[in-house]
Amino acid sequence: MSFAAGVRQELCRQAVGRRCCAVAEAFGVLLYANAFTPDTVRVVTENADFAARLPRIFRRAFGLGFDAVPEEGGRTGKLIFTISDQEKIARIFEAFGFSAAQHISLHVNFGILEEECCRVSFLRGAFLAGGSVTDPAKRYHLELSTAHRKVGGETEALLLDLGFRPKALSRGGVSILYFKQSDAIEDLLTLLGAPVAAMAVMEAKVEKELRNGVNRRVNCDTANLTKVVDAAQEQIAAIRRLERRGALAELPDKLRATAALRLENPEATLAELAEMQDPPVSKSAMNHRLRKLLELAGKAP
């Protein structure tokens, strides 16, 4: 099951409560559905959980059923629900404070969304019909899309009133509100009734942060190791030059011992070489001796 399907499944577990909330949820569904006109109501979905919930919402909200529904057992592919009966459509329009006979353009009637529970129900319906959310393991993205530009703007105002700050755009005549911040997606999913999905977003974020932290440490360790190897190679090359010139045997005992240790331990760090000296010396002293060898070889940094 995809992440988006899991979110819809969780949202559809919410009880169809008070009639006002059922009306609000149906309002969100229809404003974000495929068709809502004085001539026809048409809702298309591929989600079986939403398909099972939809008739319950309409019965609770309007006391009516769809004129055409998917066949029993055919819960795969596109599931289409339609109403063409004019009396039913008129009743639905009236429930939203509209008149099917005088209908001009659809908009959000805030008069039926005065209570917060109804606002949440409206947004749940909008998401079920016209929403999508990306698997947070891949990226953070949740959006609501409707063919009605005015509805998009009014939904944005509703979200702003609830403390959310969506981005808005228009694509091919479709009004889209979207979020790309994980915190906002978590909060919105929780508000709509999908706390488990919200937790999955949070866990994905933590996992990404941990993975990024590990990658940063690995990159840092790799960079440090590269520096150590480069420095060691430069030191070994300097010692070999001194050796070819016959100058190595003329060096003081401490420098000869340091040169021998470096040749025998080409991958050792400065601290490790310091510990190998007999007796051990400080890291600073070891660094001074190696720099002296570079200087004598004519490669002082």
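By convention here, the first residue in the shown sequence is residue 1.
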| said: Whether the side chain of E154 engages the backbone of G152 through a donor-acceptor N/O pair (distance < 3.5 Å, no angle test) should be reported. | reply: no

| Looking only at atom types and distance, does a side-chain atom of R19 sit under 3.5 Å from a main-chain N or O of A61, one as donor and one as acceptor? | yes

| note | Of all heavy-atom pairs linking F3 and A197, the shortest is CZ-O, 3.8 Å

| request: Report the C-alpha distance between L293 and Q235 in whole Å, list the side-chain angles of each, state the deciding distance to 0.1 Å, and finish with yes or no for side chain to side chain contact (heavy atoms under 4.5 Å, CB included). | output: CA-CA 8 Å; L293 288 169; Q235 294 156 7; over 6 Å; no

| task | Check the surroundings of atom CD in E272: do more than 12 heavy atoms from other residues, nucleotides or ligands lie under 6.0 Å from it? | result | yes

| note | Applying side chain to side chain donor-acceptor pair (under 3.5 Å) to E243 and not counting sequence neighbours gives R240

| field | NZ/K292: more than 12 non-hydrogen atoms of other groups inside 6.0 Å | value | no

| message | Quick check for you: to the nearest 0.5 Å, what is the distance between L294 atom CG and E234 atom CD? | response | 5.0 Å

| query | Are E207 and E203 side-chain neighbours, meaning at least one heavy-atom pair lies under 4.5 Å? | reply | no

| task | Keeping the roles fixed (side chain from D67, backbone from T82), state whether a donor-acceptor pair exists under 3.5 Å. | result | no

| task | Look at the side chain of E46 and the backbone N and O of G77, then say whether any donor-acceptor pair between them is shorter than 3.5 Å. | result | no

| said: So, taking the atom named CZ in R289 and the one named CG in L273, what distance separates them when rounded to the nearest 0.5 Å? | reply: 11.0 Å

| task | Heavy atoms only: give me the nearest F164-A184 pair and the separation to one decimal. | result | CE2-O, 3.8 Å

| query | Would you say the side chain of L144 lies within less than 4.5 Å of the side chain of I176, judging by non-hydrogen atoms? | reply | no

| Tell me, do D39 and I89 make a side-chain contact under 4.5 Å, heavy atoms counted? | no

| request: Supply the atom-to-atom distance L270 CG to E275 CD, rounded to the nearest 0.5 angstrom. | output: 11.5 Å

| query | What closest approach, in Å, do R245 and L296 show between heavy atoms, and which atom pair accounts for it? | reply | NH1-O, 3.8 Å

| message | Working to the nearest 0.5 angstrom, can you tell me the gap between L11 CG and D49 CG? | response | 10.0 Å

| Is there a path from L263 to L251 through hydrophobic residues (I, L, V, M, F, W, Y) whose side chains come within less than 4.5 Å of each other? | yes

| Shared hydrophobic cluster, F110 / F93 (ILVMFWY, side-chain heavy atoms < 4.5 Å) | yes

| query | Any link between V174 and Y32 through a network of hydrophobic side chains (Ile, Leu, Val, Met, Phe, Trp, Tyr) touching at under 4.5 Å? | reply | no

| task | List the steps, then state whether side chain to side chain contact (heavy atoms under 4.5 Å, CB included) holds for R59 with L64. | result | CA-CA 5 Å; R59 281 195 297 269; L64 54 80; over 6 Å; no

| said: Just by distance, no angles: are the side chains of S145 and Y178 close enough, under 3.5 Å, to form a donor-acceptor pair? | reply: no

| query | Rounded to the nearest 0.5 Å, how far does CG of L54 lie from OG1 of T45? | reply | 8.5 Å

| task | Would you check, one step at a time, whether the test ring-ring contact (aromatic ring centres under 6.0 Å, His included) holds for F98 with H107? | result | CA-CA 10 Å; F98 301 151; H107 64 89; 5.0 Å; yes

| Ignoring hydrogens and geometry, is there a side-chain-to-backbone donor-acceptor pair from R53 to Q14 under 3.5 Å? | yes

For residues 277-288, run the donor-acceptor check on the side chains, cut-off 3.5 Å, and write out each pair with its distance to 0.1 Å, sequence neighbours left out.
from: Q277; atom 1: NE2; to: T258; atom 2: OG1; distance (Å): 2.8
from: S282; atom 1: OG; to: A285; atom 2: N; distance (Å): 3.0

| Would you say R149 has more than 12 foreign heavy atoms packed within less than 6.0 Å of its CZ? | no

| Taking only residues two or more places apart in sequence or in another chain, which ones pass salt bridge (Lys or Arg N to Asp or Glu O under 4.0 Å) with R256? | D253

| Do the non-hydrogen side-chain atoms of P195 and E10 ever get within less than 4.5 Å of each other? | yes

| Does I80 belong to the same Ile/Leu/Val/Met/Phe/Trp/Tyr cluster as F66, with side-chain heavy atoms less than 4.5 Å apart forming each link? | no

| message | Quick check against the 3.5 Å criterion: does T146 have a side-chain atom that pairs as donor or acceptor with the backbone of L31? | response | yes

| task | Given ring-ring contact (aromatic ring centres under 6.0 Å, His included), test F62 with F96 step by step and report yes or no. | result | CA-CA 10 Å; F62 315 117; F96 299 143; 5.7 Å; yes

| Do R56 side-chain atoms and A52 backbone N/O form a donor-acceptor pair below 3.5 Å? | yes

| request: Taking the side chain as every heavy atom from C-beta outward, state whether L159 and L177 have any pair of such atoms under 4.5 Å apart. | output: yes

| message | Would you say that V151 contacts F36 through its side chain, given a criterion of any heavy-atom pair below 4.5 Å between the two side chains? | response | no

| remark: So the side chain to side chain donor-acceptor pair (under 3.5 Å) pairs with at least one residue in residues 125-141 (sequence neighbours excluded) are H141-E143, H141-K180

| request: With the side chain counted from C-beta on, respond yes when K150 and L106 share a heavy-atom pair under 4.5 Å apart, and no when they do not. | output: no

| request: Before giving the answer on side chain to side chain contact (heavy atoms under 4.5 Å, CB included), spell out for T40 and I83 the whole-Å C-alpha distance, their side-chain angles and the decisive distance to 0.1 Å. | output: CA-CA 6 Å; T40 185; I83 298 175; over 6 Å; no

| message | Has N265 got a side-chain atom pairing as donor or acceptor with A268's backbone, closer than 3.5 angstrom? | response | no

Donor-acceptor pairs under 3.5 angstrom involving side-chain atoms of residues 111-129: please list them, not counting sequence neighbours.
from: E115; atom 1: OE1; to: R18; atom 2: NH2; distance (Å): 2.9
from: R119; atom 1: NE; to: L113; atom 2: O; distance (Å): 3.0
from: R119; atom 1: NH1; to: D161; atom 2: OD2; distance (Å): 2.4
from: S121; atom 1: OG; to: C117; atom 2: O; distance (Å): 2.9
from: R124; atom 1: NE; to: L192; atom 2: O; distance (Å): 2.9
from: R124; atom 1: NH1; to: E25; atom 2: OE1; distance (Å): 3.4
from: R124; atom 1: NH2; to: L192; atom 2: O; distance (Å): 3.2

| Which atom names give the shortest non-hydrogen contact between L30 and F58, and what distance separates them? | CD2-CZ, 3.8 Å

| Under the side chain to side chain donor-acceptor pair (under 3.5 Å) test, residues paired with K205 that sit two or more places apart | D183, E186

| L188 with M199, same ILVMFWY side-chain cluster at under 4.5 Å | no

| query | If we only count heavy atoms from C-beta on, is the L79 to V69 side-chain gap below 4.5 Å? | reply | no

| Where A22 and V16 come nearest, the two heavy atoms and their spacing | CB-CG1, 4.1 Å

